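Report on the structure given below.
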There are 2 protein chains.
Amino acid sequence: MTDLHDDIARRLRGARQRYTPARRQLVEVLSDGGGPRTIPELLDRAAAGSQSSLYRNLAVLEQADVVRRLQGAGDVSRFELAEDVTGHHHHHLVCLSCGAIDDFELPADAEQALDDAVAAAVTDAGFATDHHRFDLLGTCHRCA
Amino acid sequence: MTDLHDDIARRLRGARQRYTPARRQLVEVLSDGGGPRTIPELLDRAAAGSQSSLYRNLAVLEQADVVRRLQGAGDVSRFELAEDVTGHHHHHLVCLSCGAIDDFELPADAEQALDDAVAAAVTDAGFATDHHRFDLLGTCHRCA
DNA sequence: ATTTATGCAAATCGTTTGCAAACCT
DNA sequence: AGGTTTGCAAACGATTTGCATAAAT
């Protein structure tokens with residue numbers, strides 16, 4: 001826990017940004033294992049100040065590679081801690097019915113095989129891959 | 001070509017929708033191999049009536065599984081013909097710099113292995129997968 | 001004649017921004 | 001003090017919708 005905050009504080013310092021109480025609280029909520037969160041959810045659970053500050057803090061954290069923004073089913077953005085920070089590479093189960101997003105992981109060998117196949121397929125296109133996004137869209141167990 | 005329109009007309013009929021000239025023209029533009037298109041691009045190239053009609057026609061075509069809407073780098077939606085219609089399963093190269101989206105394909109065996117790994121990983125989560133979305137985000141050859 | 005599609009303008013919704021006050025160092 | 005973060009309200013931009021007209025069956 002502490003090392004998480006230390007790590008984040010370091011990253012923010014590197015981006016010449018401060019680790020304010022509001023930002024710390026935001027990270028707390030995002031790290032509680034509840035998966036990617038929407039703005040309304042964060043406003044509820046974090047009581048982290050006003051909506052505009054929330055957007056701005058998320059932008060700051062995103063620039064510092066602490067938070068990643070992702071889009072789910074509709075137009076609502078969701079935010080999660082970046083894999084740089086958590087150390088967990090994972091993918092997403094996006095429920096088309098309720099919009100919830102859960103995490104899932106692929107076995108390491110499958111992940112590796114995928115990366116290899118992708119690298120081979122993309123090299124000749126002259127595309128420089130930064131990261132990938134692999135989501136399953138469907139119906140979650142709650143909405144089944 | 002003709003069979004494409006026939007197929008689409010059939011699908012629209014099945015959804016109790018008409019294959020109007022504007023919708024036909026829209027399909028023409030989407031099928032010219034230029035990749036997923038934005039609303040402004042479609043307005044330019046299609047001259048397919050007003051913006052609101054364009055949105056509405058895309059919605060109709062999406063409901064009939066003729067068109068798929070996808071989100072690229074930022075907040076702009078892009079539209080492409082559905083794989084049901086084209087018969088080509090593919091993925092996307094999303095350029096974080098210019099927002100362009102190109103298609104790429106994975107070798108059939110890699111695609112199969114991926115599907116298998118995913119199925120195994122997701123079964124126990126009680127998630128019913130409808131389809132997946134696999135994108136590479138990075139820098140395209142134009143922006144390199 | 002009845003239903004459906006169109007165009008325009010106004011409304012919506014998530015997100016961003018301007019500005020003055022509060023905060024930290 | 002000097003630069004930063006906050007909160008509020010206003011601005012924004014992509015998308016959606018209400019309504020009257022035009023087109024299709």
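The structure displayed is predicted, hence computed values, not measured ones. Just so we're on the same page: letters track the sequence lines, and every chain starts at 1.
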Original post:
Looking at A/E80, A/R78, A/R133, which one forms a side chain to side chain contact (heavy atoms under 4.5 Å, CB included) with A/H92?
Top reply: A/E80

Original post:
Below 4.0 angstrom from OP1 or OP2 of D/dT6, is there any side-chain N or O of A/T20?
Top reply: yes

**OP:** Write down the distance between CG (A/L58) and P (D/dT6), rounded to a whole number of angstrom.
**Re:** 11 Å

Subject >> Minimum heavy-atom distance between A/T139 and A/C95, given as atom pair plus value >> reply: CA-SG, 4.1 Å

Original post:
Tell me: CD of A/Q25 to P of D/dT6, nearest whole Å?
Top reply: 11 Å

Original post:
Rounded to the Å, how far apart are B/L12 CG and C/dT4 P?
Top reply: 14 Å

**OP:** Go through A/D6 and A/R10 one step at a time and tell me if the salt bridge (Lys or Arg N to Asp or Glu O under 4.0 Å) criterion holds.
**Re:** CA-CA 6 Å; A/D6 287 351; A/R10 212 172 299 123; 5.2 Å; no

Original post:
Which atom pair, heavy atoms only, marks the closest approach of B/Y19 to B/L12?
Top reply: CD1-CD1, 3.4 Å

Original post:
What integer distance in Å separates A/R13:CZ from C/dT25:C1'?
Top reply: 14 Å

Original post:
How long is the line joining CG of A/L54 and P of C/dG14, in whole Å?
Top reply: 14 Å

**OP:** Round to the nearest Å and state the distance from A/R37 atom CZ to C/dG14 atom P.
**Re:** 18 Å

Subject >> Flag, side chain of A/E83 to backbone of A/H90, donor-acceptor distance under 3.5 Å >> reply: yes

Subject >> Separation of C/dG14 C1' from A/L43 CG (nearest whole Å) >> reply: 12 Å

Original post:
What nucleic acid atoms does B/R16 come within less than 4.0 Å of, heavy atoms only: base, sugar-phosphate, or nothing?
Top reply: nothing

**OP:** Could you walk me through whether A/R37 and A/D44 pass salt bridge (Lys or Arg N to Asp or Glu O under 4.0 Å), step by step?
**Re:** CA-CA 11 Å; A/R37 295 280 165 63; A/D44 282 358; over 6 Å; no

Subject >> Nucleotide-resolved protein contact map, nucleotides 12-25 of chain D, B/S/- at heavy-atom distance under 4.0 Å >> reply: --SBBBB-------

Original post:
Between B/Q17 (CD) and C/dT3 (C1'), how many Å, whole number?
Top reply: 12 Å

